[in-house]
J.: 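This is the structure, below, for whatever I ask next.
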Amino acid sequence: MANFYKDNSDIKFQFSHPLMGKIVELKEQNFKDYGKYDYAPSSVEDAIDSYDKVMEIMGEICGDVLAPNAEQVDHDGPVCKDGRVTYAAGTQQNQDVLTQAGLYGMSLPREYGGLNFSMVPYVMAAELTGRADAGFSNIWGLQDCAETINEFASKEIRDEFLPRVCKGETCSMDLTEPDAGSDLQAAMLKATYDEKTGMWILNGVKRFITNGDAQIKLVLARSEEGTTDARGLSYFVYDKNWGGVTVRRIENKLGIKGSPTCELVFKNAPAKLVGERKLGLIKYVMSLMNGARLGVGAQSVGISEAAYREALKYANERAQFGKKIIEFPAVSEMLALMKAKLQASRAILYETTRFVDIYKAYNAIAEERKLTPEERAESKKYAKYADMFTPVLKMMSSEYCNQNAYDAIQVHGGSGFMKEYPVERIYRDARITTIYEGTSQLQTVAAIRYVTNGSYLAKMREYEQLETNAEYAPLKAKIVAMTDQYEKACALASERGNEFIDFHARRLVEMAAHILMSYLLIIDAQRCSSFANSANVYTNRAVAWNNERYSYIENFDDSQLAAHYAVREEELPEAE
């Protein structure tokens, strides 16, 4: 019997964070549901005990069902016939077992059949499913669409759809179109209001839709005739039972093969408006995308965990030249860095999640009563932190999971290139994480304003003021020196102007990320010694990484910029 929660103390450790008490109290609103629902907690300790018990169930299902099914699901995949999708047998079993266990709607209010959990255990569950089967984690994780319905839809729509999510009905967010990928404001799927039925009618095509044949769909569509920008887009909820949507095909992908990525045709498909017209992209999709990026961060950490464990296991079993390969410095160094990247990713994942938890809880309270000035200020502070950290989390965790999957294959040598070992699938599954829900390049665009306005620097200085144990003082001194160096890099970029900043944005954001993640590892290490080695490995590597980036920025001149941009004019010769 495997349990992916009980075999990983780093995850349960997150429940002991000092902010968890505050998060639970805000989420439970003075435990108002106690006595009303027999599973509602009466205290912080009671709530966290519930989180822990549910994570044990989730960990057992991931270890005993999802993970054993993963290879066969990857091989078989879903099929499309007559405009409908049928999951692989293992995927359907995963779905059935999790539904029977009541593990859908984890974060939704109890009045709809949810558990009213905070985001921390929800993200833990996403990490566990990511480790077990990254493809299935997309199907399970898209219930986050229900969060958008809960936050923005009318009570009528909430009452209609949220109980169904809690009973295991699947969701999809239908955003991308053939001519509107990252540039979602170019979406042109048409929405027309039907006066007779009081419904909206959708017509057009959506592409690259994860779990595209889901029962409940959130659809971005153009409701304002004659518009071509974001202000003409609204958000709609669609029920598969209403008809009008068919699956044209399932994409043949490199990885996450168990998750059906579909091209959809909308032909007079009825739908209902979520929230207000014209705010589909500006407000609702942006909120959903931030949640989805948190989900990809969790998925990435899960994949990193799977890759690291497979590499560590193989290195301890494989012998060459009379000794286990883990005894070779080149291999042990690789594994230590893999673990450091994994634990750094997890540290920023849960730090970001706590920020999201607090500001979302205040938003929910604001629906019930007016916030005090102090509460409004705190809500605003944590919302800003969540906006700052989300793009860094998504970029760094996804890049690190790709690097860890790559290194896991390298540890396996030639065996890792063969389908007999899980690392081959893990490597393919990892690749999408830097692409969907906003590429790493788009995360840089989202993050760079927090470089230029000094927000990341201010957060670094805030961490700097925290008390540090004597044993970590040397590491902290290195981070402080990195912070000073980062401040100089920001000043250099500011002096050179916007073009220079745009060109070096990725380097500046990565420098900030390395510093923030080093601080988080030291903070965790002071509470639990299992993070000590990774804090040491990661911080010292971060010094080297940031030195390289600073040197490049400092010595960069206009001739180098011209050389890089010359590729824009390059034309490849035609074949003879």
Side-chain angles (χ1 to χ4, degrees), residues 4-6 8-34 37 39-59 103 106-110 114-128 144 147 291 294-295 297-298 301-302 343-365 374-375 378-379 381-386 388-390 393 397 459 462-463 466-467 516-517 519-531:
F4 283 6
Y5 175 69
K6 293 176 74 173
N8 191 343
S9 61
D10 288 3
I11 299 180
K12 185 172 181 175
F13 165 77
Q14 300 300 330
F15 286 145
S16 68
H17 191 277
L19 275 178
M20 280 306 299
K22 181 184 187 70
I23 288 167
V24 170
E25 288 175 347
L26 287 172
K27 181 68 176 178
E28 292 296 338
Q29 296 187 34
N30 295 321
F31 304 97
K32 65 178 184 179
D33 282 350
Y34 179 65
Y37 301 91
Y39 58 95
S42 60
S43 66
V44 169
E45 294 74 22
D46 191 13
I48 292 178
D49 184 61
S50 295
Y51 296 172
D52 183 57
K53 285 182 168 58
V54 170
M55 286 305 103
E56 282 193 19
I57 297 169
M58 191 76 184
L103 293 175
M106 194 177 287
S107 63
L108 293 178
R110 295 184 183 93
L115 297 177
N116 201 51
F117 278 7
S118 85
M119 292 299 292
V120 169
Y122 178 70
V123 164
M124 283 182 183
E127 180 188 337
L128 294 171
D144 189 54
E147 284 290 321
L294 194 65
V301 173
Q343 291 190 314
S345 298
R346 184 175 284 122
I348 197 169
L349 169 64
Y350 289 101
E351 183 81 332
T352 306
T353 304
R354 288 186 287 268
F355 296 154
V356 172
D357 247 332
I358 292 174
Y359 95 80
K360 280 188 174 290
Y362 275 126
N363 285 351
I365 291 170
E374 293 77 16
E375 289 173 331
E378 189 164 73
S379 176
K381 178 180 77 171
Y382 281 103
K384 179 182 177 181
Y385 286 166
M388 287 166 52
F389 273 61
T390 296
L393 157 68
S397 63
K459 190 62 180 171
E462 184 181 319
Y463 287 139
L466 296 176
E467 189 174 339
L516 294 169
M517 293 164 89
Y519 266 125
L520 292 172
L521 279 173
I522 286 181
I523 292 167
D524 284 351
Q526 290 180 105
R527 294 175 49 231
C528 180
S529 60
S530 67
F531 298 96

J.: For side chain to side chain contact (heavy atoms under 4.5 Å, CB included), just list the numbers for I358 and Y385, CA-CA rounded to whole Å, side-chain angles, deciding distance to a tenth of an Å, and then say yes or no.
T.: CA-CA 10 Å; I358 292 174; Y385 286 166; over 6 Å; no
J.: Considering only residues two or more places apart or on different chains, which pairs with a residue in residues 40-51 satisfy salt bridge (charged side-chain N to carboxylate O under 4.0 Å, His left out)?
T.: D49-K53
J.: Between L393 and S345, which heavy-atom pair has the shortest distance, and what is it?
T.: CD1-O, 4.3 Å
J.: Parallel, tilted or perpendicular: which one describes the rings of Y37 and Y39, with boundaries at 30° and 60°?
T.: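 Tilted, since the angle between the ring planes falls between 30° and 60°.
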J.: Looking at side-chain heavy atoms only, is the closest gap between L521 and M517 below 4.5 Å?
T.: no
J.: Can you sort out the partners of K22 under salt bridge (Lys or Arg N to Asp or Glu O under 4.0 Å), two or more places apart, ordered by chain and number?
T.: E378
J.: Return yes if some donor-acceptor pair links the side-chain N/O of S379 with the main-chain N/O of E375 below 3.5 Å, else return no.
T.: no
J.: Applying side-chain contact (heavy atoms from CB on, under 4.5 Å), name anything that partners S529, two or more places apart in sequence or on another chain.
T.: none
J.: For K384, give me all partners under salt bridge (Lys or Arg N to Asp or Glu O under 4.0 Å), at least two apart in sequence or on another chain.
T.: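 Once residues adjacent in sequence are excluded, K384 has no partner under the salt bridge (Lys or Arg N to Asp or Glu O under 4.0 Å) criterion.
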J.: Looking at CG of L294 and OG1 of T353, how far apart are the two atoms once the value is rounded to the nearest 0.5 Å?
T.: 4.0 Å
J.: Find the distance between CG (L466) and CD1 (I523) and round it off to the nearest 0.5 Å.
T.: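 Reported value, rounded in 0.5 Å steps: 5.0 Å.
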J.: Kindly write out the residues that satisfy side chain to side chain donor-acceptor pair (under 3.5 Å) with E351, not counting sequence neighbours, or none if the list is empty.
T.: R354, Y463
J.: What heavy-atom pair brings A361 and L26 nearest, and what distance separates the two atoms?
T.: CB-CB, 3.6 Å
J.: Looking at side-chain heavy atoms only, is the closest gap between M55 and I11 below 4.5 Å?
T.: no
J.: Measuring from atom CE of M119 to atom CD1 of I23, what distance do you get when rounded to the nearest 0.5 angstrom?
T.: 11.0 Å
J.: According to salt bridge (Lys or Arg N to Asp or Glu O under 4.0 Å), who are the partners of D10, at least two apart in sequence or on a separate chain?
T.: R346
J.: Which residues pass the salt bridge (Lys or Arg N to Asp or Glu O under 4.0 Å) test with E462, sequence neighbours left out?
T.: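 Listed in chain order: K459.
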J.: Does any part of the side chain of V24, heavy atoms only, come nearer than 4.5 Å to the side chain of S118, both counted from C-beta?
T.: no
J.: Could I get the full list of ring-ring contact (aromatic ring centres under 6.0 Å, His included) partners for Y5, not counting sequence neighbours?
T.: none
J.: Write down the atom of P41, the atom of R110, and the distance for their closest heavy-atom approach.
T.: CD-NH2, 3.1 Å
J.: Using side-chain contact (heavy atoms from CB on, under 4.5 Å) as the criterion, list what pairs up with A525, not counting sequence neighbours.
T.: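 With sequence neighbours excluded, A525 shows a side-chain contact (heavy atoms from CB on, under 4.5 Å) to Y472, F531, A535, given in chain and number order.
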J.: Report the relative orientation of the aromatic rings in F15 and Y51; use parallel for angles under 30°, tilted for 30 to 60°, perpendicular for over 60°.
T.: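 Ring orientation, 0 to 90° scale: tilted.
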J.: Considering non-hydrogen atoms only, spot the tightest contact between L349 and V301 and give its length.
T.: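 Heavy atoms of L349 and V301 come nearest at CD2-CG2, 3.9 Å.
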J.: For side chain to side chain contact (heavy atoms under 4.5 Å, CB included), just list the numbers for D524 and Y350, CA-CA rounded to whole Å, side-chain angles, deciding distance to a tenth of an Å, and then say yes or no.
T.: CA-CA 11 Å; D524 284 351; Y350 289 101; over 6 Å; no
J.: Could you report the tightest heavy-atom contact between Q14 and M124, atom names first, then the distance?
T.: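 Closest approach of Q14 to M124: CB-CE, 3.6 Å.
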J.: Run the side-chain contact (heavy atoms from CB on, under 4.5 Å) test against A386 and tell me which residues pass, sequence neighbours left out.
T.: F355, V356, Y359
J.: With sequence neighbours excluded, what pairs up with D144 under the side-chain contact (heavy atoms from CB on, under 4.5 Å) test?
T.: Y122, E147, L288
J.: Answer whether the closest heavy-atom distance between the side chains of E28 and N116 falls below 4.5 Å.
T.: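 Yes, close enough: below the 4.5 Å cut-off.
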J.: Apply ring-ring contact (aromatic ring centres under 6.0 Å, His included) to F31 and list each qualifying residue two or more places apart in sequence or on a separate chain.
T.: none
J.: Supply the atom-to-atom distance T352 OG1 to D357 CG, rounded to the nearest 0.5 angstrom.
T.: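 Answer rounded to 0.5 Å: 11.5 Å.
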J.: Give me the atom names and distance for the closest heavy-atom approach of E467 to Q526.
T.: O-OE1, 3.7 Å
